[in-house]
S.K.: 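Got a structure here, written out as structure tokens. Questions coming.
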Amino acid sequence: MENNRILSALSYFSVLFAPFILPIIVFFVSQDTEVKHHAKRSLISHLIPFGFMIILFIALFSSFFSVFMNAAVNEQSLIMASAPFLFILLYLVSYIIILVWNIIQGVKVLR
């Protein structure tokens, strides 16, 4: 029982050292349904900032091409140029929230 709690907590704490690898390993190796549940929740929480990162790269490249390929600077190109900064801010906020949430969940599991 103690090993199951430690594995569940490590799935959450892995956001600090192995965000995707450890929850996947724990999910497939463990036979306990409670441990699998915690591993799946931690994996999903680790994927949220990754999704924001993909959106950030798409916004960055699209704004790069729209601003630098268009010789005229207008209001629309300035808005497109500022879009990556909004996604960077969203990424940082989501990462901090996910980091704190995973640490809180890991501590809860250990109690």
Side-chain angles (χ1 to χ4, degrees):
M1 190 64 162
E2 185 68 27
N3 289 337
N4 291 342
R5 288 180 21 194
I6 291 172
L7 280 175
S8 296
L10 276 176
S11 293
Y12 290 113
F13 293 144
S14 71
V15 73
L16 300 171
F17 57 89
F20 301 109
I21 298 168
L22 190 63
I24 290 172
I25 292 172
V26 169
F27 182 79
F28 287 115
V29 170
S30 177
Q31 299 298 323
D32 187 32
T33 57
E34 186 75 19
V35 174
K36 284 183 178 270
H37 171 73
H38 288 292
K40 185 170 63 172
R41 284 182 66 195
S42 68
L43 179 63
I44 291 170
S45 71
H46 296 169
L47 289 174
I48 292 171
F50 186 71
F52 275 127
M53 188 182 303
I54 291 171
I55 294 170
L56 171 66
F57 282 125
I58 292 170
L60 181 67
F61 286 121
S62 67
S63 69
F64 173 77
F65 287 120
S66 70
V67 170
F68 292 111
M69 296 304 207
N70 188 0
V73 176
N74 54 23
E75 186 177 318
Q76 183 182 3
S77 65
L78 292 176
I79 291 172
M80 286 299 290
S82 64
F85 297 110
L86 175 65
F87 284 110
I88 289 171
L89 181 66
L90 284 173
Y91 173 75
L92 291 175
V93 168
S94 71
Y95 185 77
I96 290 170
I97 290 170
I98 295 297
L99 180 71
V100 169
W101 184 82
N102 275 304
I103 291 172
I104 290 171
Q105 294 301 314
V107 170
K108 280 184 180 179
V109 169
L110 286 176
R111 286 186 168 188

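Positions are given from 1, in the same order as the sequence printed here.
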S.K.: Just wondering, are more than 12 heavy atoms of other shown residues or ligands nearer than 6.0 Å to CZ in F50?
M.R.: no

S.K.: Let me see the working for S42 and V15 under side chain to side chain contact (heavy atoms under 4.5 Å, CB included), right down to the final yes or no.
M.R.: CA-CA 8 Å; S42 68; V15 73; over 6 Å; no

S.K.: Do M53 and Y95 have side-chain heavy atoms sitting under 4.5 Å apart?
M.R.: no

S.K.: Are L16 and I97 linked, directly or through other ILVMFWY residues, by side chains that come within less than 4.5 angstrom of each other?
M.R.: no

S.K.: Quick one: closest heavy-atom pair of S45 and I98, and the distance?
M.R.: O-CG2, 3.1 Å

S.K.: Distance check, rounded to the nearest 0.5 Å: L92 atom CG versus L99 atom CG?
M.R.: 12.0 Å

S.K.: Of the non-hydrogen atoms in V107 and F13, which two are nearest, and what is the gap between them?
M.R.: N-CZ, 3.8 Å

S.K.: Please say yes or no: joined through hydrophobic side-chain contacts below 4.5 Å, possibly via intermediate residues, are L47 and F28 part of one cluster?
M.R.: yes

S.K.: What distance do I6 atom CD1 and L10 atom CG have between them, rounded to the nearest 0.5 Å?
M.R.: 7.5 Å

S.K.: Which atom pair, heavy atoms only, marks the closest approach of H46 to Y12?
M.R.: NE2-O, 4.0 Å

S.K.: Where do S11 and H38 come nearest, in terms of heavy atoms and distance?
M.R.: CB-O, 4.4 Å

S.K.: What distance separates H37 NE2 from S8 OG, expressed to the nearest 0.5 Å?
M.R.: 9.0 Å

S.K.: Is it the case that one hydrophobic cluster holds both I55 and Y91, taking links as side-chain heavy atoms less than 4.5 Å apart, direct or via other members?
M.R.: yes

S.K.: Please give me the minimum heavy-atom distance between F27 and K36, naming the atom from each residue.
M.R.: O-NZ, 2.8 Å

S.K.: What about L7 and I21, same hydrophobic cluster or not, with Ile/Leu/Val/Met/Phe/Trp/Tyr joined at side-chain heavy-atom distances under 4.5 Å?
M.R.: no

S.K.: If Ile, Leu, Val, Met, Phe, Trp and Tyr residues are connected whenever their side-chain heavy atoms lie under 4.5 Å apart, and connections chain through other members, are I54 and F20 in the same group?
M.R.: yes

